[in-house]
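Have a look at the structure below before the remarks.
All chains are named by letter (A, B, ...) in the order of the sequence lines, taking the proteins before the strands, and each is independently numbered beginning at 1. Just so we're clear, the structure is a prediction, and the values are computed from it rather than from any experiment. Below, each value reflects all heavy atoms present in this structure, side chains not excepted, and no hydrogens, waters or symmetry copies.
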Amino acid sequence: MYNKEIDKKWQNKWQDKNFFKAKDNKEQKKFYGLVEFPYPSGSGLHLGHVKAYIGMDVIARKKRLEGYNVLFPIGWDAFGLPTENYAIKTGIHPREVTDTNIKKFTEQAKSIGFSFDFDRQVDTTDPSYYKWTQWIFLKLFEHGLAYKDETEVNYCNGCQVVLSNEESQGGKCDRCNGEIIQKTKEVWMLKITDYAEKLLQGLEEVDFPESVKLQQQNWIGKSKGAEVDFKLVAGKKETDENLTVYTTRLDTIFGVTFMVIAPEHPLIEKYKDSILNVEELIEYKNSAKKKTEFERVQLAKDKTGVEVKGITVINPFTNKELPVWVSDYVMMGYGTGAIMAVPAHDTRDFEFAKKFGIEIVQVITDGKTTVTEEPYIEITEGTMINSDFLNGKPVKEAIETALDYATTNKIGTPKTNYYMKDWAFARQRYWGEPLPITKCEKCGLVPLKYEDLPLVLPNLKDFKPGEGGESPLAKAEEWIKTTCPKCGIPAERETDTMPQWAGSSWYFLRYIDPRNDNEIASKENLKYWLPVDWYNGGTEHVTRHLIYSRFWHRFLYDIGIVTTKEPYAKRSAQGLILGTDGEKMSKSRGNVIDPQDVINEYGADTLRTYMLFIGDYADAAPWNENGIKGAKKFLDRVVRLENIMVEDYQKEDNELEEEINRTIKKVTEDYEAMKYNTAIAQMMTCINLVYKKGVISRKHLEQFLTILSPTAPHVAEEVWSKINSTYIEETTWPMFDESKIIKDEIEMPVQVNGVFKFKISIDSNASKEDIEKIVMENENLEKYIDKNKIKKVIVVPGRIINFVV
RNA sequence: GCGGGUAUGGCGGAAUUGGCAGACGCGCCAGACUUAGAAUCUGGUACCAACCGGUGUGAAGGUUCAAGUCCUUUUACCCGCACCA
């Protein structure tokens, strides 16, 4: 019987033997397998972590047996709000909480038998680690990619913290799920937008799931269009000012009947003397700001707006004067914060025009559709009308022609826009990396000298953020006081800290050389280990960690630190484990399964085997207690194999030989494709046959245990130890013999009109003609058909024979 | 609204990519062992008819000798984004 005592025994021995230590051996072929390092929360490892780590552990263990030098590291993404909130509540220092949690996580990870190289652990909250996080920040600053700016930021009232766009998707806080409000604040930003194009292009050279690529592409949101200048008329006089808009549909410029600017558009402030209804506009701006996410999204169809009175613009193509409106359906953060509205061919503009009674001019037609009830937005088969020199052209051509015209006449330029915004890179919190910046009255924002890193967090007792949304560090008076690194006069430190995503944006580089005090990692080690060959993790990080870390890595490549453009050659994602009720596991639903409970009752290998067997690794699957018992039963059957082992078969057993070889082949291929469920099913089938035969040879048992070991390492090792004095880790992955799998005679199904009738045994090398002849002579055939009425015979060797009558 | 995905027995899920639908596991039924139970081992298990046979992969059409797989239409659910100008 398999029991959990077996687990501990082998975990200790593996550790003593250093089997999982990655060697910086440049001669050996390498494999770098990575999993997302966990945030060590108080509640311990959850099933999501476990599933992610088991998946890559199987690959890592297999690669070692295949002769690779494997780097399979683990670490701790330990900065973050929950620890800090816990510290605020209990008064226990975050350092202490973090250390306790890391210890717990380490024990748990070991108890599941993950083959991590624990000697390479990194902890993002360790000054020897965040020294390099700060170093990278200084490099970004040096290259103009970190800047401080007063902008509209996402702010979570609950957490009292500024969030990035990625952290506030759907208008909700990533952490507390609370409502996000917009706030004007001076914060540090990283210019990730400068890397939009590189992040997009990089996707072409990596092996990521298509859905992941697509999601990142959408997040980056590239669009090609043009900026066009509309001459501004204020107080009935033409000004020198232009209202610049961004459009992807320059072809529709003759259909523009009004302009819309965002409520915060600077034009309002600048021309307040000419505008007749400034107060009304300010009031609109304030009320728009107060709208909740629900009102903005759900009631989006109900367009609101105010006309800017006293100001108009001139359409540069028609010289017609157009009214300017303000509406919150135009965002200051995208394009120029102003649009040319073409109600005939844009849903939003159409709704707005309908509501405010603005003229609608159709400029594209398919010959039948009119735009009285709804806009015509189909572009593929439309041709231009009411559009002067564009008339008669198909849409695509019209876009080109209009753009040429605009460029030639200097009224517009081609322009590519990205939806992605710069990364708000400052949190008003204690438990994060201090920003290594000094605020000097004379010199402004001055970076620390590289040799003065790390800038270590002061030891505070009170971690509460300030009332005005300032960092707890603002209270650390002694720490704040410093001198300007440039001119030497008294100055103050920056009190915001970095977001949690900072440490995780480069941690995979530190594993490569974790104790190096002079560099992120040595050049030789980076060259040897990069890129990460395979990165497995959750889908929730696609537009967060995965995009941030690609950005940092690409930057480090551009400044010559790392050796590859992209950090991860291959990315895979595991599916969710749902509760027994089929719902997402959550404390509030009370359907959470603690992996530790499962290990205590059934052993680590049962948990591992079950989780891999439950269904396709990439799909979500509900937890099922009975399934666990099935996995346990299988492992018990493996344990008992020892009893029926013989040194060699009395006479050659072709059937067992064949099944073992088939199993090696299937498991080898399926592991590599993360099709763990079918790999395990095949191993079960194999064991079932062995039991039926009541015997297995030493060689076959050894081979079987070797291929089982990535899934169930403790059980495999235990049985191995009974028949061997070595370790599985010291053996090599078995080769399969293809010739043993191919049978001389195969059973082929015979169909009549596509319906299965009977099977026939045929030489596997038989040609089409031979097969047809053999079947025609088969006595069974007459039972089903009259040979004279055969219209056609389809023979696919190895697959099927079908008679059409 | 846009983008992506999923749908197969009582349940979790297989199906070499167009070639015997339901591998493997759970559950259930039967048998062996046992005083008995547990455990273990063996066999059975899509549905209807229960004899020939017929019907079946969310629904409706289509292509094909042959469709879970391809095409068209459609429904439900899940995930992501959301006024992207």
Side-chain angles (χ1 to χ4, degrees), chain A residues 1 169-171 209-215 217-223 225 245-249 252 260 262 293 296-301 303 327-331 333-342 346-349 351-352 417-420 539-540 542-543 575-576 578 582 584 609-610 613-616 618-631 633-634 636-637 640 666 669 675 677-688 691-692 694 747-759 783 791-796 798-805:
Chain A
M1 282 278 282
Q169 296 182 21
E210 278 311 307
S211 59
V212 171
K213 287 189 182 181
L214 210 67
Q215 234 189 96
Q217 278 164 10
N218 290 342
W219 187 255
I220 294 166
K222 181 177 181 171
S223 88
V245 302
Y246 174 72
T247 179
T248 54
R249 297 294 305 280
T252 62
V260 186
E293 186 64 18
R296 271 195 43 232
V297 177
Q298 300 301 321
L299 309 177
K301 297 250 147 141
K303 293 279 182 289
S327 174
D328 62 358
Y329 84 88
V330 172
M331 307 288 144
Y334 186 76
T336 61
I339 62 157
M340 54 178 230
V342 187
D346 180 280
T347 317
R348 296 151 302 176
D349 299 345
E351 284 159 4
F352 195 87
N417 260 335
Y418 300 90
Y419 166 72
M420 187 167 65
T539 50
E540 69 272 25
V542 172
T543 52
L576 240 47
L578 307 171
K584 213 168 172 171
T609 306
Y610 171 66
F613 185 61
I614 193 166
D616 190 305
D619 289 345
W623 189 261
N624 180 305
E625 197 68 27
N626 283 327
I628 307 248
K629 289 178 185 151
K633 208 163 125 184
F634 165 64
D636 284 340
R637 278 160 79 84
R640 290 196 300 273
K666 177 93 177 135
E669 289 167 359
K675 290 168 80 176
N677 56 334
T678 48
I680 292 168
Q682 178 58 43
M683 289 190 279
M684 287 172 167
T685 306
C686 181
I687 289 298
N688 288 347
Y691 267 79
K692 206 177 282 181
E747 298 242 284
M748 275 180 64
V750 178
Q751 296 181 337
V752 176
N753 288 340
V755 179
F756 170 77
K757 293 299 174 192
F758 63 95
K759 278 183 194 172
K783 281 194 259 176
K791 276 200 215 151
K792 197 174 173 188
V793 187
I794 288 123
V795 178
V796 184
R799 292 281 162 84
I800 207 140
I801 303 141
N802 189 14
F803 288 94
V804 185
V805 295

Using only side-chain N and O atoms of [X], determine if any of them is under 4.0 Å from OP1 or OP2 of [N].
| X | N | value |
| --- | --- | --- |
| A:Lys633 | B:rC26 | yes |
| A:Asn624 | B:rG27 | no |
| A:Tyr334 | B:rA85 | yes |
| A:Asn677 | B:rA14 | yes |
| A:Lys757 | B:rC52 | no |
| A:Arg799 | B:rG18 | no |
| A:Tyr610 | B:rG25 | no |

For atom [atom1], what is the distance between [N] and [M], given to the nearest Å?
| N | M | atom1 | answer |
| --- | --- | --- | --- |
| B:rA59 | B:rU75 | P | 15 Å |
| B:rC71 | B:rG80 | P | 27 Å |
| B:rG10 | B:rU34 | C1' | 31 Å |
| B:rG56 | B:rA49 | C1' | 14 Å |
| B:rG19 | B:rA30 | P | 39 Å |
| B:rA66 | B:rG62 | P | 13 Å |
| B:rC24 | B:rA14 | P | 14 Å |
| B:rC70 | B:rG5 | P | 12 Å |

Any idea if B:rG9 is syn or anti, going by the 90°-from-0 cut?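 It is syn.
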
Taking syn as a glycosidic torsion within 90° of 0 and anything else as anti, which one is B:rU17?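 Syn, which is what one calls it when the glycosidic angle falls within 90° of 0.
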
Counting any heavy atom closer than 4.0 Å, what does [X] reach on the DNA or RNA strands: base, sugar-phosphate only, or nothing?
| X | result |
| --- | --- |
| A:Asn688 | sugar-phosphate |
| A:Lys692 | sugar-phosphate |
| A:Ile794 | base |
| A:Val260 | nothing |
| A:Glu210 | nothing |
| A:Ala341 | nothing |
| A:Asp636 | nothing |
| A:Lys666 | nothing |

So does [X] reach the base of [N] with its side chain, donor to acceptor, closer than 3.5 Å?
| X | N | answer |
| --- | --- | --- |
| A:Lys791 | B:rC65 | no |
| A:Lys303 | B:rC83 | yes |
| A:Asn626 | B:rC26 | no |

Nearest-nucleotide pick for [X], side chain only, options being [options]:
| X | options | result |
| --- | --- | --- |
| A:Lys792 | B:rG3, B:rG80, B:rC65 | B:rC65 |
| A:Ala621 | B:rG13, B:rU40, B:rC83 | B:rG13 |
| A:Val330 | B:rC83, B:rA85, B:rG3 | B:rA85 |
| A:Ile339 | B:rA85, B:rG13, B:rU42 | B:rA85 |
| A:Met684 | B:rA14, B:rA85, B:rC24 | B:rC24 |
| A:Ile800 | B:rC20, B:rA85, B:rC24 | B:rC20 |
| A:Pro622 | B:rC83, B:rG12, B:rG19 | B:rG12 |

Pairs counted only when both distances fall under 3.5 Å, Watson-Crick or G-U: show me the 5' to 3' dot-bracket for RNA chain B, [ ] for pseudoknotted crossings and | for other-strand partners. (((((((..(((......[....)))((((((.......))))))(((....)))..(((((..]....))))))))))))....

Measure [atom1]/[X] against [atom2]/[N] and give the value in whole Å, please.
| X | N | atom1 | atom2 | value |
| --- | --- | --- | --- | --- |
| A:Tyr691 | B:rG25 | OH | P | 13 Å |
| A:Asn218 | B:rA82 | CG | P | 11 Å |
| A:Ile614 | B:rC24 | CD1 | C1' | 14 Å |
| A:Lys675 | B:rA23 | NZ | P | 17 Å |
| A:Leu214 | B:rG5 | CG | P | 8 Å |
| A:Gln215 | B:rC2 | CD | C1' | 14 Å |
| A:Ile680 | B:rG12 | CD1 | C1' | 13 Å |
| A:Leu578 | B:rC79 | CG | P | 10 Å |

Between A:Gly335 and A:Trp219, which is nearer to the 5' end of RNA chain B once each is assigned its nearest nucleotide?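 On the 5' side of the pair lies A:Trp219.
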
On RNA chain B, compare the nucleotides closest to A:Phe613 and A:Thr543; which residue's is nearer the 5' end?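 The residue mapped nearer the 5' terminus is A:Phe613.
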
Nearest 0.5 Å, please: how far is CE in A:Met683 from NZ in A:Lys666?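 Going from NZ on A:Lys666 over to CE on A:Met683, the span is 11.5 Å.
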
Gap separating the OG1 atom of A:Thr609 from the CD1 atom of A:Ile628, nearest 0.5 angstrom: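 That separation rounds to 10.0 Å.
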
When you look at A:Arg637 and A:Asn688, which way does the side chain to side chain contact (heavy atoms under 4.5 Å, CB included) test go after all the steps? CA-CA 9 Å; A:Arg637 278 160 79 84; A:Asn688 288 347; 2.9 Å; yes

With side chain to side chain contact (heavy atoms under 4.5 Å, CB included) as the test, would you mind laying out the steps for A:Val804 and A:Val793 before giving the verdict? CA-CA 6 Å; A:Val804 185; A:Val793 187; over 6 Å; no

Could you walk me through whether A:Asn218 and A:Tyr419 satisfy the side chain to side chain contact (heavy atoms under 4.5 Å, CB included) test, starting with their C-alpha distance in whole Å, then the side-chain angles of each, then the deciding distance to 0.1 Å, before giving a yes or no? CA-CA 8 Å; A:Asn218 290 342; A:Tyr419 166 72; over 6 Å; no

With distance as the sole criterion, is a donor-acceptor pair present between the side chains of A:Tyr329 and A:Asp349 under 3.5 Å?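 A:Tyr329 vs A:Asp349: donor-acceptor pair found between side chains.
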
Quick check: does any side chain N or O of A:Tyr610 sit under 3.5 Å from a backbone N or O of A:Asn624, one acting as donor and the other as acceptor?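 At least one qualifying donor-acceptor pair exists.
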
Could you check whether any side-chain N or O of A:Asn802 sits under 3.5 Å from a backbone N or O of A:Gly754, counting only pairs where one atom can act as donor and the other as acceptor?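 Yes; at least one donor-acceptor contact below 3.5 Å.
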
Would you say NZ of A:Lys584 has more than 12 non-hydrogen atoms from neighbouring residues, nucleotides or ligands within 6.0 angstrom?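 No, NZ of A:Lys584 has 12 or fewer neighbouring heavy atoms, counting only those of other groups under 6.0 Å.
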
Trace of the side chain to side chain contact (heavy atoms under 4.5 Å, CB included) decision for A:Ile794 with A:Gln751: CA-CA 10 Å; A:Ile794 288 123; A:Gln751 296 181 337; over 6 Å; no

